[in-house]
Structure formats: C-alpha cells, structure tokens
2 protein chains.
Amino acid sequence: MKRPTIIDVARGAGVSKSLVSLVMRGASNVSDEKRQRVMTVAAQLGYRPNAVARSLVQRRTSLLGVLLSDLHNPFFAEVIDGIQAEAAAYGYRTILGTGDRVELTEARALETMLELRAEGLILASPVLPMRTIAAASRELPTVLVARRSRVATVDSVTNDDVAGASLAVAHLAALGHERIAHIDGGEGAGAPERRRGYERAMRKHGFGARVRIVPGSYTEDGGRRGVAELLSGEMPTAIFAANDLAAIGTLSALAERDVRVPEDVSVVGYDNTALAAVRLIHLTTVDQPRPEMGRAAVTLLLERLEGGRRTMRNVLMPPSLVVRGSTAAPRPRGSKRSRR
Amino acid sequence: MKRPTIIDVARGAGVSKSLVSLVMRGASNVSDEKRQRVMTVAAQLGYRPNAVARSLVQRRTSLLGVLLSDLHNPFFAEVIDGIQAEAAAYGYRTILGTGDRVELTEARALETMLELRAEGLILASPVLPMRTIAAASRELPTVLVARRSRVATVDSVTNDDVAGASLAVAHLAALGHERIAHIDGGEGAGAPERRRGYERAMRKHGFGARVRIVPGSYTEDGGRRGVAELLSGEMPTAIFAANDLAAIGTLSALAERDVRVPEDVSVVGYDNTALAAVRLIHLTTVDQPRPEMGRAAVTLLLERLEGGRRTMRNVLMPPSLVVRGSTAAPRPRGSKRSRR
DNA sequence: CGCCGTTAGTGGAACGTTCCACAAAATCTG
DNA sequence: CAGATTTTGTGGAACGTTCCACTAACGGCG
C-alpha cells in the first residue's frame with residue numbers, strides 16, 4: 001500500500017510529472033482539460049504532495065519553529081494564537097516544541113527544529129542559556145518572547161512591565177489609595193521591571209515615602225508569604241502583586257485573616273490569566289496583549305527572513321488594565337473595619 | 001552563507017560522504033582516527049544533518065503528529081507531557097498543531113501533518129467530523145484522545161467517565177450524603193457517561209429515588225444555571241458538577257446566595273484542573289490520569305506502527321478522586337442552617 | 001605463502017519533488 | 001501565409017541524505 005507519487009499521477013493522467021507538479025501548485029498556464037484530468041486522477045489515487053521532497057529541492061521548508069518553555073502556562077496559548085494566525089497569513093506553518101522548563105529538554109527540542117530546517121525560531125520564555133540562543137540565531141532568525149534580548153542577532157517581544165506596574169498604581173491612586181504595597185516576583189521574568197515601575201509610579205504620585213516592597217514570587221505561596229510579611233507592619237489599603245498567581249495567594253491569605261477584598265484591602269494582579277476572570281476570584285489585573293505579541297514575533301522574523309533586516313529590534317508591547325471586583329475605594333479614614 | 005552539507009564535511013576530512021554519514025549516525029565499524037577527523041571537521045563547519053533529506057531517502061520521518069483541539073485547555077498540556085516522554089523513549093519526535101476548536105483550522109493543521117509525512121496521528125478531542133478522521137486513519141495510524149472511536153481503523157484513549165462519576169457519588173455517600181444532585185455537562189465530551197455513572201451509582205447506593213439531574217454545561221455559567229434550577233426544589237446536601245468549571249460556577253452561585261461550602265452543601269467537580277487546586281477554590285474533584293493517557297496514545301500508535309496490529313483498541317483509563325475542601329459530612333438532620 | 005573471513009571504507013543509485021532550459025503547438029501580425 | 005510571439009508542456013538535473021553492492025586491506029591459519 002505504497003503512497004502514490006507525482007509519477008503515478010502523471011502516468012495515470014498521461015502527462016509529464018512536471019505538468020502534475022504545475023497543476024498541484026495551481027500554476028496558471030495549463031489547459032483546463034489537462035488540469036481536470038490531473039485533478040481527477042490525483043483524487044482517485046489519493047495523491048498528496050510530499051512536503052519532504054518539496055522542501056529538499058526548494059531548500060526551504062516554510063516552517064517556523066516555536067519553542068515553548070512550558071505548555072502548562074496558559075499565557076503561551078494565546079501568544080501562539082497570534083503566532084499561528086500571522087504565520088498562516090504569510091504562508092508559513094508552525095511546528096511547536098516544548099521543553100518543560102528543563103534546559104536539556106529544551107535544547108533537544110531546539111535541535112529537532114534545526115534539523116527539521118525550520119526557517120525561523122520563536123522562543124517563548126526559554127530557560128536556555130543565552131549562549132545557546134545566540135548560537136542558534138547565527139543559523140536562522142530568532143526572536144525571544146517574554147524575555148529581553150541583549151544580543152544583536154536576536155530580537156525580542158516583551159510587554160512593558162514598567163508601564164504595566166504604573167497602570168496598576170495609577171488605578172489604585174485614582175481610587176484614593178495611598179498606602180499601596182507591592183509583593184514582588186523575586187527572580188521571575190519581568191519581576192524587577194514591575195518592581196521598578198511600581199516604585200517609579202509611587203514617587204510620581206507623591207507616595208514616595210509610602211513605597212513598601214515585600215519579597216514574594218510568581219506563585220500562590222509567594223502571595224501568601226507576602227501577606228504574612230505585610231501584617232508585621234501597618235496594613236496597606238491596597239496590594240499590587242507581581243502576578244495573578246501571587247495575587248490569588250494574597251487573596252486567600254487575606255480571606256483566612258478575615259480581611260475583606262475589596263472593602264478592607266484592594267488587590268491588583270498581573271497577567272490577566274483565565275484564573276483572574278473566574279467569578280469567584282474576579283481579580284483586577286494588568287493584561288498583556290498576548291496574541292499581538294505572537295503576531296509581532298512573527299513580524300520580526302519575517303523582517304529578517306524576507307526584508308533582510310540585520311539589526312536588532314526589541315518590541316515593547318503596551319499592557320492594559322482590566323478592572324474587576326478586587327479593587328475599590330479605600331474605607332474612609334477612621335471608619336471601623338467590620339468583620340463579616 | 002550556505003549551510004554545509006555532508007559533502008563539505010567529507011571533502012574537509014578527506015573521506016567519502018558515506019563515511020561521514022556513518023560517523024554521524026554513530027556506526028560502530030569506523031576507525032577512531034577517521035571518526036575523530038570527521039567529528040572535528042563537522043564541528044568546525046557547524047554541520048548539522050539535514051532531517052529533510054534523510055527523511056526523503058529513508059521514507060520515514062520519525063514524526064508523530066499531535067493535533068490539539070485547543071491549546072487553552074490545560075488538560076492537554078499534561079497529556080502532551082505523557083506523549084512526548086513516551087515518543088522520545090521510542091525515538092520519535094512530535095510535532096504539535098492546534099485547531100482552536102474550529103473545524104477548518106483543524107483540517108488545515110491535519111493536512112499539514114499529512115504533507116509533512118507524520119507517521120502517526122494523535123488527535124486530542126478534535127471537533128473534526130468522524131469522516132475526516134476515518135479518512136486520515138487510512139493513511140496512517142490514528143488515535144483519538146478524550147473522544148471515543150467507533151471506527152475500526154481508529155483507536156482511542158479515554159477516561160472512564162462512568163467510573164469517575166461513581167467515585168464522586170461514592171465519596172459523597174460515604175460522608176453521609178443522600179440528596180446528591182448532578183449538574184450535567186450537556187453535549188460536552190463524556191458528559192452523557194458521567195450522567196449515566198451518576199445515575200447508576202445513586203441506584204447502587206440505594207438513592208435511586210433521589211436522583212436529580214439539572215441541565216448545565218462545561219462552563220462556569222452552566223454551573224450557575226444549575227444552581228438556580230436546583231434552588232427551585234428542595235436543596236440537595238451535595239452537588240456533583242459535570243466538570244471543574246461548572247463546579248466553580250456552582251461554588252460562586254452558592255456563595256452569592258450565602259450557602260456555605262462545605263458546611264451547607266458539598267460540591268464535587270471533574271477533571272482536577274489547576275483551578276481546582278487553587279487554595280481559594282480548593283475543590284474536591286475527579287482526576288483523569290492525563291500523562292498516562294498521553295503515553296497510552298503513543299503506545300497504541302506504536303502497536304500499529306511497529307507491532308502490526310490492525311484491530312481497533314479503545315483504552316479506558318481509571319480516574320481517581322482528589323479530596324479537597326469542598327466536601328464534608330452533611331449537617332446533622334434538622335440542625336439550623338447558619339448564616340454568616 | 002596462499003587462501004579465507006572480517007573490517008573499514010567507497011561510489012553510485014535512489015528518495016519525490018521543483019526548477020530550468022528548451023520544444024512543440026497555438027495564436028498573433030502585418 | 002510566413003514569421004514572430006505566446007502559451008503549454010517536457011525531460012533531466014538537482015536537492016542532501018541513506019542504502020547497497022562492492023573493494024581494499026588486514027590478519028589468521030593450515
């Protein structure tokens with residue numbers, strides 16, 4: 001039950017293989033009669049062009065390799081939506097690989113893509129060392145998503161974490177909050193920028209003296225620990241957590257202590273994950289334009305691939321605020337904190 | 001800056017291309033001296049075998065195509081973990097495609113995999129019509145994950161929804177619940193089986209007369225609507241929702257009505273998504289062995305690919321119960337329901 | 001020392017396409 | 001209606017590997 005080749009079709013239709021090739025690719029200058037004949041024979045035989053052979057002779061695969069550090073992070077699902085849409089629009093296909101945040105696994109996935117002769121590479125928040133990435137970028141255009149590039153051959157698309165943090169602080173300030181604390185994200189990607197953005201915004205609103213940062217991480221537990229730490233001092237009226245997961249940890253730690261949200265304390269997260277939208281959580285948070293980031297990544301690739309660009313570009317996407325139920329105006333000064 | 005080929009390496013090392021090929025594939029009968037020479041030249045040139053050319057001549061790609069209906073569903077992330085681990089163990093690589101639950105997009109992704117000459121196909125909960133799937137299965141081994149197959153050429157791996165529903169009911173019954181209602185999943189995959197399992201288990205525990213099923217769906221809103229419906233009759237002491245999302249909708253609808261969980265009502269979900277584990281939600285739920293399902297899918301493929309099996313196999317994986325905080329013994333009969 | 005069996009290495013065919021230069025047929029042009 | 005031009009179609013080379021049949025070299029053995 002061998003697969004039919006272009007030769008089988010040619011024989012069946014009584015034409016040359018070149019003509020079949022032409023028909024399959026939708027060339028214009030072939031007579032309707034032969035086109036018909038080829039098409040019917042192809043359908044009969046169940047012929048399907050062999051992309052492997054085509055890639056070999058054309059010396060191009062039209063394949064974009066997308067390496068995900070971690071499929072479990074829903075963040076990337078939407079980035080990929082954007083990548084696929086844009087890639088398809090330009091006639092590229094994408095192949096996905098994952099690395100589970102393990103360097104060796106990622107390296108193997110990367111190797112696979114190079115052997116498969118992907119024409120461009122999108123690395124979404126990889127744990128791979130920059131050395132490896134730089135090496136890959138010498139073979140094919142490479143763009144980093146959600147990780148900043150410092151190498152001239154590697155582009156990047158990130159969200160403007162500083163601006164996002166400002167958005168969060170500005171929202172809280174507009175509601176009337178002054179004692180706004182930040183539970184930071186430790187070593188997490190973008191965490192230092194978010195911290196910096198928080199500090200800067202606090203100063204800009206004249207709350208420079210109120211800056212209060214407690215250590216945390218991009219996990220539920222990070223949020224919980226942050227709350228524990230905050231309780232050791234004067235409780236703020238609002239908390240800006242480094243990401244949604246930490247914000248949810250914050251929420252649950254507050255609930256355990258009978259602190260009401262948003263009545264007693266307002267909470268803002270970052271990332272706008274699906275979690276944040278769940279009614280039970282209903283978290284005000286900063287959204288990253290994920291599909292647009294995916295599209296931008298493809299655009300950067302195409303600029304190098306087809307436009308011949310050779311200089312580095314780091315695209316910074318503007319985040320936006322999504323207001324839900326976890327933020328409100330602070331209780332008027334001196335009003336009793338009620339327990340439920 | 002053309003990519004070096006095997007010929008370039010051969011020339012550089014002063015050997016034949018066949019020898020280079022042998023070395024690259026780690027053949028045993030080649031002298032240490034030449035092996036060394038070839039290796040160094042290859043490294044110098046940055047030579048990397050071209051998988052495209054290799055696939056063409058070998059007439060095999062060692063590629064398994066994995067089509068995800070929807071990347072956003074974290075369920076699949078773990079299935080893929082299993083798939084990749086198992087595939088790698090047997091020397092196969094996986095390429096992922098997604099279809100966003102849109103038939104046309106899925107069909108295109110499928111087409112890509114066929115043209116790329118993937119050797120086996122794993123379709124995770126596709127929306128593709130069975131006709132299309134059956135057609136693909138005539139070209140290469142095909143297995144469905146989380147969707148039952150009724151075609152002899154297509155295998156499947158599903159979780160035993162009937163057993164899972166039984167688990168949920170048994171857990172609640174063991175806690176002392178008798179008035180256990182079910183919010184169903186409508187047309188969702190596995191929903192009819194879960195409903196059936198619920199009914200069967202209720203009868204088995206002698207609660208046949210207490211069976212109460214209200215229509216819902218696999219969404220938060222489905223759960224909310226279910227609760228609204230349940231309120232129109234006598235409130236049950238426990239609710240088994242068709243999946244986690246519906247359970248979370250149930251939770252939030254109950255919270256809005258000041259019904260406490262688990263004190264007043266116990267709630268059980270299905271799927272054990274990441275959502276269920278969030279402290280704030282802390283849902284008792286039925287877990288599907290996702291990575292094992294992925295591994296099983298690969299095994300089924302390999303049985304056909306390398307073992308020559310030609311008969312259909314439908315693998316049914318046993319679910320398990322994960323007890324968290326949303327279930328407890330019912331209030332003793334007649335005790336006042338307290339408001340908080 | 002001649003023969004044999006093994007080991008190390010080679011050259012060319014093959015994989016299924018596209019590309020290119022060219023040929024044949026059809027159409028136009030004056 | 002002859003020549004020029006366009007349209008339609010063709011055969012063979014090429015893509016970068018692996019596979020296969022084969023040879024050369026080498027050591028062992030009687």
Side-chain angles (χ1 to χ4, degrees), chain A residues 1-39 41-42 45-63 91 93 112 114-119 139, chain B residues 1-39 41-42 45-63 91 93 112 114-119 139:
Chain A
M1 207 189 92
K2 225 173 110 297
R3 280 240 175 74
T5 76
I6 204 169
I7 307 251
D8 301 319
V9 178
R11 192 156 26 224
V15 299
S16 73
K17 61 181 177 23
S18 302
L19 215 225
V20 177
S21 173
L22 254 15
V23 171
M24 296 316 290
R25 285 176 291 153
S28 56
N29 49 348
V30 23
S31 67
D32 278 349
E33 185 222 332
K34 302 226 172 169
R35 180 190 306 280
Q36 266 317 317
R37 219 154 74 206
V38 169
M39 292 298 246
V41 173
L45 263 43
Y47 170 75
R48 185 188 310 280
N50 184 332
V52 174
R54 175 187 328 186
S55 297
L56 182 61
V57 60
Q58 287 191 152
R59 269 121 122 250
R60 53 170 314 205
T61 53
S62 299
L63 240 39
R93 298 146 152 173
T112 295
L114 294 176
E115 290 191 2
L116 253 24
R117 294 298 190 260
E119 295 180 34
E139 302 200 31
Chain B
M1 207 189 92
K2 225 174 107 300
R3 279 241 175 73
T5 76
I6 204 169
I7 307 252
D8 300 319
V9 178
R11 191 155 30 223
V15 299
S16 72
K17 60 181 177 25
S18 301
L19 215 226
V20 177
S21 173
L22 253 15
V23 171
M24 295 317 289
R25 286 177 289 154
S28 56
N29 48 349
V30 23
S31 68
D32 278 350
E33 185 223 332
K34 301 225 171 169
R35 180 189 307 280
Q36 265 318 316
R37 217 153 76 206
V38 168
M39 291 299 246
V41 173
L45 262 44
Y47 168 74
R48 185 187 311 281
N50 184 332
V52 175
R54 182 197 330 226
S55 297
L56 183 60
V57 58
Q58 288 191 150
R59 273 121 119 244
R60 53 169 314 203
T61 52
S62 299
L63 242 37
R93 297 147 152 172
T112 295
L114 293 177
E115 289 190 2
L116 254 23
R117 294 296 191 262
E119 295 180 35
E139 302 200 32

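Here the structure is a predicted model, which is why all the values come from computation and not from measurement. Reminder, nothing fancy here: chain letters follow the sequence lines and each chain counts from 1.
For A:Ser31 and D:dG9, the shortest distance from a side-chain N or O to OP1 or OP2 is below 4.0 Å. Considering only side-chain N and O atoms, A:Lys34 lies nowhere under 4.0 angstrom from the phosphate OP1 or OP2 of D:dT8.
Remark: B:Met24 CE is packed, more than 12 non-hydrogen atoms of other residues, nucleotides or ligands lying under 6.0 Å away.
Nearest to the side chain of A:Ser21, among C:dG16, D:dT17, C:dT18, sits C:dT18. Distances from the side chain of B:Arg117 to the nucleotides D:dG9, C:dT10, C:dT17 place C:dT17 closest.
Rounded to an integer number of Å, the gap from CD1 of A:Ile7 to P of C:dT18 is 12 Å. When the P atom of D:dT17 is taken as reference, atom CZ of B:Arg48 falls 12 Å away, rounded to whole Å. The distance between atom CG of B:Asn29 and atom P of C:dT7, rounded to the nearest whole Å, is 8 Å. The distance from atom CZ of B:Arg25 to atom C1' of C:dG9 is 13 Å, rounded to the nearest whole Å. Rounded to an integer number of Å, the gap from CZ of B:Arg59 to C1' of C:dG16 is 10 Å. Rounded to whole angstrom, the span from the CD1 atom of B:Ile6 across to the P atom of C:dA14 amounts to 19 Å. Between A:Arg60 atom CZ and C:dT18 atom P there is a gap of 13 Å when expressed in whole angstrom units. The CG-C1' distance, from A:Leu19 to C:dA23, rounds to 14 Å in whole Å.
With rounding to the nearest 0.5 Å, the separation of CG in B:Leu19 from NZ in B:Lys34 is 6.0 Å.
For B:Ser18 and C:dG11, a side-chain-to-base donor-acceptor distance below 3.5 Å is present, hydrogens and geometry of angles not being considered.
Looking at B:Ser31 and B:Arg35, their side chains never bring a donor and an acceptor atom within 3.5 Å of each other.
In plain terms, the two heavy atoms of B:Arg54 and B:Pro49 that are nearest each other are NH2-CB, 3.3 Å.
Heavy-atom nearest nucleotides on DNA chain D were determined for B:Thr5 and for A:Lys17, and the one closer to the 5' end corresponds to A:Lys17. Comparing B:Gln58 and A:Ser16 by the nucleotide of DNA chain D that holds the closest heavy atom to each, the one mapping nearer the 5' end is A:Ser16. When the nearest nucleotides of DNA chain C are assigned to B:Val57 and B:Leu22 by heavy-atom distance, the more 5′-ward of the two goes with B:Leu22.
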For this session: With side-chain contact (heavy atoms from CB on, under 4.5 Å) as the test, would you mind laying out the steps for B:Thr61 and B:Leu116 before giving the verdict?
Result: CA-CA 8 Å; B:Thr61 52; B:Leu116 254 23; over 6 Å; no

